[in-house]
Structure formats: structure tokens, C-alpha cells
Amino acid sequence: MASATEDPVLERYFKGHKAAITSLDFSPNGKQLATASWDTFLMLWNFKPHARAYRYVGHKDVVTSVQFSPHGNLLASASRDRTVRLWIPDKRGKFSEFKAHTAPVRSVDFSADGQFLATASEDKSIKVWSMYRQRFLYSLYRHTHWVRCAKFSPDGRLIVSCSEDKTIKIWDTTNKQCVNNFSDSVGFANFVDFNPSGTCIASAGSDQTVKVWDVRVNKLLQHYQVHSGGVNCISFHPSGNYLITASSDGTLKILDLLEGRLIYTLQGHTGPVFTVSFSKGGELFASGGADTQVLLWRTNFDELPYKGLNKRNLKRLHFDSPPHLLDIYPRTPHPHEEKVETVETTETSGRTLPDKGEEACGYFLNPSLLSPECSPTTTKKKTEDISDLPCESQRSIPLAVTDALEHIMEQLNVLTQTVSILEQRLTLTEDKLKDCLENQQKLFSAVQQKS
């Protein structure tokens, strides 16, 4: 059996958000972690012991995506309030706001040189912004349904996007044209990204699959079916040899792309996992989900000689029957109710958090994800300290359930329409049959009269 230092280990956790974690990103220097949540806040966590965490208030609805700029001097966020914001990641958190999308914005992504920002929205468009001038540049329209994610290639010449129209599109940023199209008849991709070399893209599927495509020859290279729930997010290790996945089945899985194998299943969250990301150097990765927690893991396995790792794992890899032998649970105590660092709240827009719980609930499309603090009977409460935040005993309905219910409603609508059409056809058939019988009767009567 491998020693503990060779396997991923849960280092610490951060608890400060009041609802599901939707997105997270490491700063380029690896000393900070930014997180976004359904609670409408961004939080900036410092890895130094006893350092303060900052909460950025301003978005008026769920924050769906967050990312550091390549130089670490800006933080971009997207929200269901239809805006994109740029924050300065310090105590003050001063921001600027972009308004061009006409529907909720699902993702933000900086180009590698930091000059451009790509945003994807439910208005079916991808928009590209200039960071130097901080203004809108152009839109990309070809998707026929909500766009969930858009990412630049490492060289900035391409953008990959995925949509609920079940397509993944590759765009040329020079001529603003769609140059490639990957389609899937089963499900749609929740998340998509380029590998570090820019030769491949990987997609996280709502149909529980992870797919890796070669964009040079337009070919599906690898197809993983290792999760029992929809895959919500993926992150490439900087080496390009590994891919980590986050799923609604509550697990993280690490795939060895060179061998095409599942090598680790990580258990730590108590509900669907919505986001995961490697640090820029690959020595750490972080994950977040419906349990409102952010878990910070040390990678470890990337330090081993590759052949040794592969040989060690060869006999204990399983694709079909979870949990497999490499299931990893947190080795640290992982206490949810332990008191941790205090939080400084940064309100930069002049907007204050609603005093009454029922008003706060109005900011959410799914109030059931909020903690019990946000109930109409709740008394006035403002949180400045993480020790006030909800504990593990509080329950929330996972986003996956909401999505499933919405899907069921759509299917019921289709069935209702189908029944309605069948009824109309049946009525028409009855009318025609009645006409035929009347004509037959007339003919019969005419024949009798002649005879």
C-alpha cells in the first residue's frame, strides 16, 4: 500500500459561505483562494495562519463564476444578476461593473496575457471584453440555447464554449467565426476547458461522462464513465497528465490521462460537488459544493516518478463499482463546528445586506439552498464572524435535484403537448370517419332508389 505522502491529503477547509459554492480559483502566486456562492458573495481566503478572509458584497443574485487575472491584480466574477464585475483583491475590494448581457452570466475567463475577458451567458452569447480599456469588444452568436461556459485557449487564438444545445463550439478570436463543432446526442456539457498545451479540450457532461477531444484532428480521444451523477466541473493539472473532476455524486475523481485510467476517488463533501481547481503550480487543489464548504487538498501524487505511480496503481483501479480501493476520505478531523478565522465584510457598492431574512431570500432563485437563518421568522442578523455560520446539521436541497425537477417539468410539458396533438388527430379521424359513413349512407340510399 502506498504511503500517506503519495496520496492526496485534505489539508484544511474554509467555512464562511451560507449557501452552495459555485466556483473557485487560486491566485497566480498560490497564496489566496477566491470563492463564489449562491449566497451572492465572493470570498477571498488567505493561506497564512490567522489571516483574515474578505467577503465582497455587491452582486444582487447568485455568483456563478470567479477567476483571478493572470497577474493576480484583478478578480472577475459573473452573476445571475446579468452583470460581470472586476474586483481588486484587497481589503477594500473596489470594483467596476460590466453590463451587456441580457440574461444570467454563467462564466468568466481571462486570456493568458490578461488582455481579454470572455463571458458566457444564458442569452445564448459569448462576449469578449478588453481589459485595457475595460469595455465590450464583440459577441459570438451561434449557440441556440444557454451557454454555460467559455474558455480561452492558452495562446488566446481560440475560445471553446459549451451550451445546453448539446454542442461544444470552437471559435477563432481573429475572424470571430465558429471553426469547429462537437455535438452530443445524450447530454450537454456543464463545463469545458483546454488542456495546458492547447491541443485538447475536456468536457464535464450532464450525462455523467467526461470526454477529451483532440482539436487538431477533431477526434474524441477519451471517454470516461466513472461518476454516478452529472459532472459539474473539471480542472487540468499544469503538467497536462491528470484531470480532476467534480460531480453531483458527491465525489472528486482524478484521472490519469496518459494511461486513460481513474486513479483516485476523493470523499470529503456531504453533497454534490460543483467546482474544483488545481493551483497554478499543481501542488494544491480545492473543491466546493452544496455543503457550503471549501476543501483544500495537497496533491502529492504529482511528485512521484510517473512510471512508479502507474506501476503501483495498475492492479487496483476500477471503473465500474464505486467505492474502489483508492477511495480517499479526509485524514484530518474535519470538524464543521470548529471556530475559524474572522471575516471582514467589504461592501463596495453601497448596497447593504437586507436586514430581514425574507428580503434576503428574494435574491435567490432557489431559497431552499439558504440556511435557516434566511427564514421569514429570522431576527435581524449581520455576519462578521465565521463562527456564526451554519453547521453541518442544516440541510439544503442540492442544485442537481432542482435541475432534475426542471428537466422532469420540461418532459411533462412535452408529453402534454403530445397528448394534445394526438387528441386533435383523433378528433379529425372521427370527423372523417363520420363523413365517410354519411357518404356511404347517401350512396346506399341512391342505389336503393334506382333499384
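Counting begins at 1 with the first residue of the sequence. The figures that follow rest on heavy atoms only: side chains count, while hydrogens, waters and symmetry mates do not.
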Using the six-membered ring wherever Trp is involved, compare the ring planes of Trp45 and His17 and label them parallel, tilted or perpendicular (cut-offs 30° and 60°). perpendicular
Got a donor-acceptor contact below 3.5 angstrom from the Ser153 side chain to the Ile159 backbone? no
Considering only heavy atoms from C-beta outward, does the side chain of Tyr224 approach that of Thr245 to under 4.5 Å? no
For residues Ile168 and Cys162, determine if any side-chain heavy atom of one lies less than 4.5 Å from a side-chain heavy atom of the other. yes
Please state whether the rings of Phe182 and Trp213 are parallel, tilted or perpendicular, taking 30° and 60° as the class boundaries. tilted
Holding to salt bridge (Lys or Arg N to Asp or Glu O under 4.0 Å), I want the full list of residues that pass it with Asp165, two or more places apart in sequence or in another chain. none
Heavy atoms, side chains only, cut-off 4.5 Å: are Leu255 and Val212 in contact? no
Contact check, side chains of Val128 and Trp171, non-hydrogen atoms, under 4.5 Å: no
Using the test salt bridge (Lys or Arg N to Asp or Glu O under 4.0 Å), find all partners of Asp207 that sit at least two apart in sequence or belong to another chain. none
What's the separation between atom CG in Leu10 and atom CD in Gln267, rounded to the nearest 0.5 Å? 12.5 Å
Within-4.5 Å side-chain heavy-atom neighbours: Ile263 and Tyr242: yes
Look at the aromatic rings of Phe116 and Phe152 and report parallel, tilted or perpendicular, splitting at 30° and 60°. tilted
Do the side-chain N and O atoms of His71 and Ser69 include a donor-acceptor pair separated by under 3.5 angstrom? no
Cut-off 3.5 Å, side chains only: do Asp193 and Ser235 have a donor facing an acceptor? no
Check whether the side chains of Thr265 and Lys253 place a donor and an acceptor atom closer than 3.5 Å, and report yes or no. yes
Side chains of Thr144 and Lys124: closer than 4.5 Å at any heavy-atom pair? no
Using side-chain heavy atoms (C-beta onward) and a distance below 4.5 Å, is Ile126 in contact with His143? yes
Over 60° means perpendicular and under 30° means parallel, so classify the ring planes of Phe14 and Phe47, tilted if in between. parallel
Could you tell me whether the side chain of Val66 reaches within less than 4.5 Å of the side chain of Leu75, counting heavy atoms only? yes
Identify, with sequence neighbours excluded, every residue that meets salt bridge (Lys or Arg N to Asp or Glu O under 4.0 Å) alongside Lys211. Asp184
Counting only N and O atoms by type, is there a donor-acceptor contact under 3.5 Å from the side chain of Thr299 to the main-chain atoms of Glu283? yes
Is the shortest side-chain N to carboxylate O distance from Asp25 to Lys280 below 4.0 Å? yes
Please state whether the rings of Trp129 and Phe98 are parallel, tilted or perpendicular, taking 30° and 60° as the class boundaries. parallel
Any chance you could measure Ser96, atom OG, to Leu86, atom CG, to the nearest 0.5 Å? 4.0 Å
